[in-house]
Amino acid sequence: MLKATLRSFLAHKGRLLLSALAVLLSVAFVTGSLIFSDTVSRTFDRLFASTAADVTVSPKEDLDEAVPSGRTATLPAALAERVRRIDGVAAARAEVDVNGLTVVDENNEPVGPTTGAPTLGNAWNPNERSPVELTSGHAPRGPGQALLDSETADRKDVRIGDTLTVIAPPGSFQVRVVGIVTFTTTNPGSALVFLDPSTARTKLLGDPRAATGIAVDAAQGVDDERLKQRVAAALGAHTYDFRTADEQAESDVEQLGGFLDVIKYVMLGFAGIAVLVGVFLIVNTFSMLIAQRTRELGLLRALGADRRQVRRSVLTEALLLGLVGSTLGLAAGIGLAAGLIELMGLLGMNIDADEMVIGWVTPVAAYVVGLGVTFVAAYLPARRAAAVSPMAALSDAEVAGVGRPLRVRAVAGTVVGAAGAAALVGCAVSGRTASAASLLGLGVVLTLIATVIAGPLLVRPVIRVLGGAFPALFGSIGRMSQRNALRNPRRTGATAAALMVGLALVGGMSVASESMTASFDRQIDRTLGADFVIQNTNFLPFPKEVTDAVRDTEGVGLVVRGRFTPVAVRLPDGDRVETTAAGYDPRLDEVANITYTQGDSAAALADGRLAMDRDFARDHGVRVGGTVPVEFQGGRSAELTVGALTDQDSAEGFGTQGGLYFGLGTLERYAPGGQDSALYVNAAPGTSDDELRAGLEATLDPYPQVQVRDLADYKQLVRDQIAVLLYLVYALLGLAIIIAVLGVVNTLALSVVERTREIGLLRAIGLARRQLRRMIRLESVVIAVFGAVLGLALGLVWGVCTQQVLALQGMTALAIPWVTIVAVVIGSAVIGVVAALLPALRASRMNVLAAIAHE
């Protein structure tokens, strides 16, 4: 049996190649994501471990900034002198590290990276742990001198002697480049500007006595943990944060972890889609191979092979397929990881591909996924193979399911579909976001399974409709192509299911994204009353001089500032909620339209008061006039009175939990040092919008990071952000389509082999080569369109239910992207034509007499 199995596998290796490609893609994305994330993690582990001081003293920050506030936490630079006197300290340095700078050259072009990585301003404190070394020029020696990293200098063609403008939180200033520094470790993609320590404190922090941290080097023989305890005891354990080198490296890795997780989960999402679609392909392939080998299997049974041996033989073939696919997929995954590393290099993150990490988990995961997918997919066909009787050797019997009743599928599909429909209905009527989202996930999974199970039941009624025009348009060729698709509902359903999965995903996400866009458009129309909004390109805060310049622009009538700050609110029901609050100037009503259910803007923005979303207040037992303890950054806290309740659908705090906002006076009292994140500007009487826009753009020309947006620009900005999500979905769709095309090609190719005698007879009675190719193409088209129709119908249901979940967060508009749906259906027909090219060509080249004699 083993010899027969190996011979059978090698005899059908061409037919199994496309299935092996599905396994290869699945394994490649799994292994590529693991190798890439492990390599990046190891690289940054070494970077952080080699650059972290033995002990680091940092300002205590208990709240995370989900939205940047522009505030830089500091501590007294004089602490470095106190730390130097502690027993066991070899050296202590007051450090300055400021994120979010903007640096422009003499042509007012940004010098920093444009890929999202930050531009950092630092104090030049060279030591053995520095990630850079001075490779040309000299160290900065005064307020007008700076160093720039070599990669930024090369990318932007900056040379020693050039003048740069640094736009920092306290204001902008000019420096001359006097030296170039080169990274001795991995460059995380940032641009680095170094100033002498005194200048860095004054220009970057606005306070010559401040620092962002103290780096402490331990004396020889002193343990980091022991030194940390000594420093904490001397400075006050609860006053600052104290970390050893290991703890600081771990903290840095955690901050980077979010970025790495996004890449890993995206790639694993691709792997999941590849696995899911690949299962359909493999099931179909083995089902058809077994159908074609019915007489061979019957003969084996007649010679004495029992059911277990036949089943084992088919599963062994599947495992051989999985072994080959996994091995090739592992190699492809290594190549994919290398490609991602090169891509990161283009984006400024330099990782050495020679140090690629391939841990033991990676090959284990590769073979578990590859062998597992093929084993699971081949199990049902193997059971069917074991059911072949010895008498089948004497006939042309087929075990692929032609003519077998679909009652079991009907019952199972109905039960699972009813459960999925109930979950989706529950999602639509639920009033709580968490429960609605859980029911949505359950409903999506169950309805997908139900559609896959019941797909063959839908083949005959749907394809009769989809192919109904074929006889009229293409005559007998069209009629035969339609009947070929109807001949084996199980096979047609499994082939179409591969395409259905991807299209259901894109349909659902398209509805959700279109609804989000429509909701935000409606929201912006309802709430934004300003003529223009001034914002940073990447939503980072900007320095006060930008606000002052805008106010001084001719034609400006009103400027209302907006800022953000992280807060923690202790509520009457005992909950402590961390969120982001906003602060606004008193004349907010003139630039925004806010619906209040209680109170008004004057009460909301009064000193010591705040506004809150009514639903959030109701859920936590908050009433107007009540007080809530609010914690701010830096350890400050206050008891603020609830002055107003808003309707979240039109609240200016839309999108943040609780919709909290208060007056800028309150914000500056308890969270000083922040920067404006947005300016809402109205024109002065007699100034047109065009005149004001031209004036604002001229004013902001020295600040390329800041943009002037009107209502239409603001809407486009939101659309562009949502489009990023759609691009990911379309990429997943592209992968699903690639595998689905492989499935259609495989099905048609095996179908051609299966119908060799039939094709020979058709050719013998006068069917032309061109007619034969057309018949196979039409069969492919109707199968592809059938998958598209099922997928889009399922996706529309998912999208509508997703919109109901979004409605609980204020996004109440439902929009159906009909253009996308029509384009997908047309594209599916094109896919069908492309997938049929090779099988149709092969069929048309058959020798007629050899085909008739084929068994």
Side-chain angles (χ1 to χ4, degrees), residues 44-64 71-99 120-134 139-141 147 181 184-185 192 194-202 204-256 633-636 673:
F44 280 96
D45 284 346
R46 287 199 298 266
L47 167 65
F48 296 139
S50 63
T51 57
D54 294 326
V55 174
T56 301
V57 184
S58 307
K60 184 174 284 295
E61 294 291 338
D62 298 324
L63 301 174
D64 294 329
R71 174 181 174 273
T72 303
T74 62
L75 46 68
L79 286 178
E81 187 60 36
R82 289 178 57 188
V83 172
R84 290 190 193 103
R85 296 194 294 266
I86 297 173
D87 183 35
V89 172
R93 301 173 297 279
E95 301 217 325
V96 176
D97 184 357
V98 177
N99 189 359
L120 305 177
N122 303 82
W124 179 243
N125 282 315
N127 61 83
E128 61 182 14
R129 298 177 184 270
S130 295
V132 296
E133 62 181 4
L134 184 62
R141 298 169 184 159
L147 306 177
V181 297
T184 58
T185 60
L192 298 185
F194 290 93
L195 309 172
D196 75 84
S198 176
T199 302
R201 292 194 292 270
T202 303
L204 301 181
L205 300 178
D207 185 351
R209 299 166 299 176
T212 57
I214 307 295
V216 185
D217 295 337
Q220 189 171 1
V222 178
D223 178 73
D224 288 359
E225 185 62 37
R226 182 176 302 174
L227 182 60
K228 175 183 134 178
Q229 294 173 0
R230 293 177 184 175
V231 174
L235 300 183
H238 300 292
T239 309
Y240 304 103
D241 284 331
F242 303 89
R243 296 189 182 96
T244 63
D246 290 342
E247 291 169 342
Q248 183 63 43
E250 183 179 347
S251 175
D252 292 335
V253 168
E254 286 178 359
Q255 293 179 17
L256 183 69
Q633 281 183 320
R636 297 177 177 87

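Given the structure is predicted, the values throughout are model-derived calculations rather than measurements.
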Under the criterion side chain to side chain contact (heavy atoms under 4.5 Å, CB included), I'd like the reasoning laid out for Asn122 against Phe194: C-alpha separation, chi angles, the key distance, then a yes or no.
CA-CA 5 Å; Asn122 303 82; Phe194 290 93; 3.6 Å; yes

Taking atom CZ of Arg226 as the centre, does the number of heavy atoms from other residues, nucleotides or ligands within less than 6.0 Å exceed 12?
no

Any donor and acceptor pair, going by atom type alone, linking the side chain of Arg71 with main-chain N or O of Gly673 inside 3.5 Å?
no

Answer whether the closest heavy-atom distance between the side chains of Leu227 and Val216 falls below 4.5 Å.
yes

Minimum-distance pair of heavy atoms, taken over all atoms of Ala211 and Ala94
CB-CB, 4.0 Å

What distance do Arg84 atom CZ and Arg93 atom CZ have between them, rounded to the nearest 0.5 Å?
9.5 Å

Checking Arg243 side chain against Ser58 main chain: does a donor-acceptor pair fall under 3.5 Å?
no

Check against side chain to side chain contact (heavy atoms under 4.5 Å, CB included), Arg230 and Val222
CA-CA 11 Å; Arg230 293 177 184 175; Val222 178; 4.2 Å; yes

Any heavy-atom pair between the side chains of Val96 and Pro197 that's under 4.5 Å?
no

Decide yes or no for Val57 and Val231: does some side-chain heavy atom of the first lie under 4.5 Å from some side-chain heavy atom of the second?
yes

Tell me whether Arg636 at atom CZ has more than 12 heavy atoms from other residues, nucleotides or ligands lying less than 6.0 Å away.
yes

Distance from Asp217 atom CG to Asn127 atom CG, nearest 0.5 Å?
6.5 Å

Hey, is the main chain of Pro126 close enough, under 3.5 Å, to the side chain of Ser130 for a donor-acceptor pair?
no

State the OG1-CZ distance between Thr199 and Arg141, to the nearest 0.5 angstrom.
13.5 Å

Gap between atom CD of Gln229 and atom CG of Asp224 - 0.5 Å precision
11.5 Å

Mind checking the CZ-CG spacing from Arg209 to Leu79? Nearest 0.5 Å is all I need.
13.0 Å

OG1 (Thr239) and NZ (Lys60) are apart, to the nearest 0.5 Å, by 8.0 Å

Look at the side chain of Thr244 and the backbone N and O of Val55, then say whether any donor-acceptor pair between them is shorter than 3.5 Å.
no

Are any of the side-chain nitrogens in Arg129 or Asp54 under 4.0 Å away from the carboxylate oxygens of its partner?
yes

Non-hydrogen atoms of Tyr240 and Pro59 that approach each other most closely:
CD2-CA, 4.3 Å

Tell me, with the steps shown, if Ile214 and Phe242 meet side chain to side chain contact (heavy atoms under 4.5 Å, CB included).
CA-CA 10 Å; Ile214 307 295; Phe242 303 89; over 6 Å; no

Do Leu195 and Pro140 have side chains that get closer than 4.5 Å, going by heavy atoms?
no

